[in-house]
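Note sheet for the following structure.
Heavy atoms only: backbone and side chains are in, while hydrogens, waters and symmetry mates are out. Starting from 1, each residue takes its place in the sequence as its number. Counting starts at 1 for both ligands and their atoms, in listed order.
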Amino acid sequence: MPLTIRKAIFPVGGLGTRFLPATKSMPKEMLPIVDKPLIQYAVEEAVEAGIEEFIFVTGRGKSAIEDHFDHAYELQEMLEKRNKTAALKVVKDSIPKPGQIAYTRQLEPLGLGHAIWCARNFVGSEPVAVLLADDLILSENGCLKQMIEAYNQVGGNMVAVMEVEKYQTSSYGIVTPGNIKNSLIEVLDLIEKPKESEAPSNLAVIGRYILQPNIFNDLSRFEKGTGGEIQLTDSIARQVGLEPLNGFKFDGQRFDCGSKIGFLEANIAYALRREDLREPIQQFIQKMI
Ligand code: G1P
């Protein structure tokens with residue numbers, strides 16, 4: 001029986017240059033989809049999956065994230081005085097219990113693999129989930145919850161995967177697939193951002209991972225890969241043969257909120273699911289087209 005996943009890492013150190021000027025003084029993870037910041041969707045997905053400890057790997061200019069997951073006394077007091085109970089509940093519900101969240105800074109932007117390595121002392125010797133808030137996944141059951149259910153059967157390392165267009169392989173970690181069993185695809189190899197002509201498939205890694213603690217030893221080699229960065233993909237690939245590695249085809253629609261079009265699509269999709277917004281947004285879209 002594999003060890004339960006209690007901890008999750010949220011790498012939130014990225015600069016968000018694709019959303020300038022919006023991200024000049026605001027972390028990209030605080031960009032809202034309708035009325036909730038991206039990072040809160042990721043945290044809620046982790047909570048739904050049973051995660052109890054949240055480890056944020058941050059960087060300069062990211063303190064708004066810490067403030068977001070803390071009490072805002074003046075605001076709460078004002079909402080209470082004005083009897084705004086629904087809004088007060090929304091604010092309070094987003095706050096984890098004391099000690100559940102830990103923050104550490106990456107200090108240098110050396111890549112996703114390095115960011116994950118920075119969380120090693122908070123994780124210790126147990127398996128851990130990783131969630132990239134840019135990848136927003138709309139589904140009945142949260143993507144990480146689905147993954148952990150599958151992981152409880154097979155253990156090892158696991159990455160969420162989905163099919164992308166061939167021309168898009170150079171934006172993703174790409175899988176060499178082996179045997180397929182329902183939602184699980186055996187992964188024989190992984191390569192970070194291959195050119196279309198060199199891609200072993202069109203199965204791309206999406207930002208949800210379950211990793212065994214051995215990954216930290218490999219990450220501490222600080223080997224540089226694609227783009228001169230320490231790539232998480234490379235360390236996971238080097239664990240093939242030492243740990244089972246599976247790709248998990250999740251149920252749900254994924255939005256690349258690191259891109260403008262994905263971010264806009266997510267806003268529309270999430271607005272269409274909201275009772276208070278569905279009709280007006282439908283009417284607006286019809287009018288515009
Ligand atoms: C990261 C990973 C990549 C993965 C992608 C998913 O890339 O390095 O393997 O496919 O996330 O969104 P990034 O988008 O940070 O460049």
Side-chain angles (χ1 to χ4, degrees), residues 8-19 23 27-29 31 33 38-39 41-42 45 56-59 62 106 109-119 129-138 143-144 147 157-177 185 187 189-196 198-211 215 218-219 222-240 245-250 252-263 265-266:
I9 305 172
F10 301 81
V12 293
L15 286 177
T17 46
R18 279 192 274 180
F19 281 92
T23 49
K28 64 172 173 158
E29 297 78 9
L31 288 170
I33 303 299
L38 274 168
I39 188 63
Y41 285 97
E45 186 184 320
F56 283 65
V57 183
T58 70
K62 298 284 181 167
Q106 192 182 358
L110 297 179
L112 179 60
H114 177 258
I116 301 304
W117 176 80
C118 290
V130 174
L131 296 96
L132 308 186
D134 278 359
D135 284 325
L136 180 63
I137 299 167
L138 179 59
C143 178
L144 187 63
M147 262 174 101
N157 290 323
M158 194 176 280
V159 291
V161 292
M162 69 177 245
E163 283 171 22
V164 296
E165 298 295 333
K166 262 276 182 185
Y167 73 89
Q168 294 176 314
T169 57
S170 59
S171 303
Y172 296 94
I174 301 290
V175 155
T176 305
I185 302 169
V187 178
D189 200 5
L190 260 189
I191 172 167
E192 181 69 4
K193 304 197 169 91
K195 284 191 223 142
E196 183 177 348
E198 284 158 21
S201 75
N202 66 336
L203 268 180
V205 175
I206 299 305
R208 302 289 182 277
Y209 305 77
I210 294 174
L211 302 171
I215 201 78
D218 193 275
L219 287 168
F222 302 127
E223 234 169 76
K224 287 185 180 159
T226 307
E229 294 190 346
I230 299 165
Q231 296 291 353
L232 180 60
T233 301
D234 296 343
S235 280
I236 300 173
R238 284 194 289 264
Q239 298 296 305
V240 173
L245 174 57
N246 281 289
F248 179 75
K249 264 192 152 181
F250 54 93
Q253 190 178 2
R254 173 261 186 178
F255 297 92
D256 174 11
C257 293
S259 78
K260 289 183 185 89
I261 187 68
F263 174 75
E265 285 171 358

Report yes if some N/O of Glu192 lies less than 3.5 Å from some N/O of ligand 1; otherwise report no. yes
Please state which protein non-hydrogen atom is closest to atom 16 (O) of ligand 1 and give its distance, to 0.1 Å? Lys193 NZ, 2.7 Å
Tyr167: which residues meet the ring-ring contact (aromatic ring centres under 6.0 Å, His included) condition with it, sequence neighbours left out? none
With a cut-off of 4.0 Å, which atoms of ligand 1 are near a heavy atom of Gly173? 3 (C), 4 (C), 9 (O), 10 (O)
Based purely on interatomic distance, does Val205 place a nitrogen or oxygen under 3.5 Å from a nitrogen or oxygen of ligand 1? yes
Report the nearest protein non-hydrogen atom to atom 12 (O) of ligand 1: residue, atom name, distance rounded to 0.1 Å. Asp135 OD2, 2.7 Å
With respect to Leu132, determine whether any N or O atom, backbone or side chain, lies less than 3.5 Å from an N or O atom of ligand 1. no
Which atoms of ligand 1 sit under 4.0 Å from any heavy atom of Thr233? 9 (O)
Quiz question: by atom type and distance under 3.5 Å, do the side chains of Glu192 and Thr233 form a donor-acceptor pair? yes
Donor-acceptor pair, distance only, cut-off 3.5 Å: does the side chain of Arg208 make one with the backbone of Asp135? yes
Aromatic ring pairing Phe19/Phe263, orientation class (parallel under 30°, perpendicular over 60°, tilted between): perpendicular
Take atom 14 (O) of ligand 1 and look for protein heavy atoms under 4.0 Å from it; say yes if you find one, no if not. no
Under the 3.5 angstrom rule, does the side chain of Gln253 hit a backbone N or O of Leu138 as a donor-acceptor pair? no
Please, which pairs that meet salt bridge (charged side-chain N to carboxylate O under 4.0 Å, His left out) have at least one residue in residues 222-240, sequence neighbours excluded? Asp218-Arg238, Arg221-Glu223, Glu223-Arg238
